[in-house]
There are 2 protein chains.
Amino acid sequence: MPRQATVPPGASPDPLDRLFHALADRTRRKLLAQLALRPAKVTDLARPFRMSLPAVSKHLRILEEAGLISRTVDGRVHRMTLTGEPLRQVEIWLDPFRSYWEETLTSLGTDLAKHPRRGRLKAR
Amino acid sequence: MPRQATVPPGASPDPLDRLFHALADRTRRKLLAQLALRPAKVTDLARPFRMSLPAVSKHLRILEEAGLISRTVDGRVHRMTLTGEPLRQVEIWLDPFRSYWEETLTSLGTDLAKHPRRGRLKAR
DNA sequence: GGAATATTAAACTAAATGGTTAAGTATGTT
DNA sequence: AACATACTTAACCATTTAGTTTAATATTCC
């Protein structure tokens with residue numbers, strides 16, 4: 001029997017897929033945390049990592065395509081800047097669930113429902 | 001020269017990696033949205049999808065391993081339930097960035113900073 | 001013009017993803 | 001006992017991922 005095509009070739013360019021996928025990597029989250037402090041050029045962003053420059057370059061592209069960062073090329077330097085909007089999209093996606101887990105927590109007697117957290121940004 | 005191992009074999013079991021990765025799939029997000037309404041058994045969850053039962057079963061396992069759902073086996077029926085906590089972890093990760101994009105938005109004159117949204121949960 | 005610098009592009013690779021079908025494993029039902 | 005139901009497991013497959021190294025492309029500096 002002629003084995004059937006397993007996956008439709010033009011698969012999901014779903015923006016939330018791309019967004020969450022971009023966030024599903026430690027390196028990329030660290031890059032975002034760094035960029036939250038200030039814009040930076042590629043070399044500076046790459047320095048802390050034990051991986052090649054092209055590897056970081058690729059990660060940056062994934063973040064860029066997810067809309068999480070933008071790039072301004074100035075001569076040979078590419079300056080990357082965090083873009084808030086997509087994270088807001090995450091927040092918006094998350095929002096309908098919020099009441100759910102706040103309920104869950106309060107029903108457990110743990111009254112963190114009025115979110116008193118809000119710490120300093122730390123690379124993870 | 002002996003080509004070097006490309007990727008460390010015991011790669012990232014980072015919980016946030018697993019969490020965001022679990023969310024980076026439309027099908028899985030739909031499953032979560034469904035489970036936010038009420039717990040459900042596997043067959044019922046699978047019904048709306050145009051994919052095989054084992055495929056859905058795998059998605060559920062990924063959600064389960066990310067901690068997003070839990071399973072109670074009752075006879076041959078597996079009842080899945082949404083677990084709020086990991087979504088709270090997303091929120092916590094997101095939090096340090098919040099001021100950033102709220103700032104960005106207000107500085108653009110778009111005063112949505114006091115988040116007046118909060119819609120009904122809708123499968124996406 | 002030529003060398004150094006900043007960065008991407010190309011070609012390769014091992015492993016993971018997301019799907020498939022077919023086979024197993026319990027548990028109910030008759 | 002036999003059959004149906006509700007699943008998971010196994011084996012397979014194409015595509016994508018995340019890294020590598022080497023090469024190419026601009027730009028700046030001397």
Side-chain angles (χ1 to χ4, degrees), chain A residues 1-14 16-31 39-66 69-81, chain B residues 1-14 17-31 39-47 49-66 69-81:
Chain A
M1 205 157 273
R3 200 157 256 293
Q4 191 159 323
T6 48
V7 164
S12 73
D14 182 302
L16 271 179
D17 279 15
R18 280 207 284 195
L19 186 44
F20 279 120
H21 169 245
L23 297 177
D25 182 285
R26 229 170 188 292
T27 304
R28 291 194 288 263
R29 289 195 305 277
K30 282 186 194 164
L31 288 167
K41 58 178 191 163
V42 177
T43 323
D44 289 351
L45 287 169
R47 206 180 333 273
F49 296 99
R50 273 154 65 277
M51 84 184 59
S52 69
L53 193 58
V56 173
S57 179
K58 278 186 183 183
H59 281 303
L60 290 171
R61 190 122 96 95
I62 287 167
L63 292 171
E64 194 182 6
E65 279 171 2
I69 64 179
S70 66
R71 177 190 306 253
T72 29
V73 181
D74 178 26
R76 51 186 171 174
V77 174
H78 296 214
R79 178 151 299 259
M80 319 301 282
T81 310
Chain B
M1 205 156 268
R3 199 159 257 294
Q4 191 160 323
T6 48
V7 164
S12 74
D14 182 301
D17 279 16
R18 280 207 283 196
L19 185 45
F20 279 120
H21 169 244
L23 298 177
D25 183 285
R26 231 169 186 290
T27 303
R28 291 194 288 264
R29 289 195 305 276
K30 281 186 194 165
L31 287 167
K41 57 179 192 162
V42 176
T43 323
D44 290 351
L45 287 168
R47 208 182 329 275
F49 296 99
R50 272 152 68 275
M51 82 183 59
S52 69
L53 193 56
V56 173
S57 180
K58 278 188 184 180
H59 282 303
L60 289 172
R61 190 122 96 94
I62 287 167
L63 291 171
E64 195 181 5
E65 280 171 0
I69 64 179
S70 66
R71 177 190 307 252
T72 28
V73 180
D74 178 25
R76 50 186 173 175
V77 175
H78 296 215
R79 179 152 297 261
M80 318 302 281
T81 310

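In what follows, every chain begins at residue 1, and chains take the letters A, B, ... in the order their sequences are listed. Computed from heavy atoms alone, side chains included, the values below leave out hydrogens, waters and symmetry copies.
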Which listed nucleotide (dG19(C), dA18(D), dT17(C)) is nearest to the side chain of Thr27(B)?
dG19(C)
Contact list (N/O, under 3.5 angstrom) for nucleotides 27-30 of chain C vs protein:
| residue | atom | partner | partner atom | Å |
| --- | --- | --- | --- | --- |
| dT27(C) | O2 | Arg76(B) | NH1 | 3.3 |
| dG28(C) | O4' | Arg76(B) | NH2 | 3.4 |

Hits for side-chain contact (heavy atoms from CB on, under 4.5 Å) against Arg71(B), two or more places apart or cross-chain, chain-then-number order -> Glu64(B), Val73(B), His78(B), Met80(B)
Length of the line joining Lys58(B):NZ and dA11(D):P, which is rounded to integer Å:
12 Å
From Ile69(A) atom CD1 to Leu45(A) atom CG, the distance as rounded to the nearest 0.5 Å
7.5 Å
Rounded to whole Å, how long is the line connecting atom CZ of Arg26(A) with atom C1' of dA18(D)?
16 Å
Could you tell me the separation between the NE2 atom of His59(A) and the C1' atom of dT8(C), rounded to a whole number of Å?
15 Å
Spacing between Arg47(B) atom CZ and dT5(D) atom P, to the nearest angstrom
13 Å
Rounded to the nearest 0.5 Å, how far apart are CG of Leu63(B) and CG of Leu19(B)?
10.0 Å
Arg79(A) CZ - dT27(D) P separation (whole Å):
17 Å
Here the distance between atom P of dT17(C) and atom CE of Met51(B), to the nearest Å, is 16 Å
Only pairs at least two apart or in different chains count here, so list each side-chain hydrogen bond (donor to acceptor under 3.5 Å, both in side chains) that has a residue in residues 50-59 of chain A.
Arg28(A)-His59(A)
How long is the line joining NZ of Lys41(B) and P of dA6(D), in whole Å?
5 Å
Any donor and acceptor pair, going by atom type alone, linking the side chain of Asp14(A) with main-chain N or O of Asp25(B) inside 3.5 Å?
no
Considering just the side-chain nitrogens and oxygens of Ser57(B), establish if one lies under 4.0 Å of OP1 or OP2 belonging to dT8(D).
yes
Starting from C1' on dA18(D), measure out to CD1 on Ile62(A) and report it in whole angstrom.
8 Å
For Thr81(A), give me all partners under side-chain contact (heavy atoms from CB on, under 4.5 Å), at least two apart in sequence or on another chain.
Pro39(A), Ser70(A), Tyr100(B)
Within less than 4.0 Å of OP1 or OP2 of dG19(C), is there a side-chain N or O belonging to Ser52(B)?
no
Report the residues that fulfil salt bridge (charged side-chain N to carboxylate O under 4.0 Å, His left out) with Arg61(A), sequence neighbours left out, ordered by chain and then residue number.
Glu65(A)
Nearest-nucleotide comparison on DNA chain D, the residue closer to the 5′ end among His78(B) and Asp25(A):
His78(B)
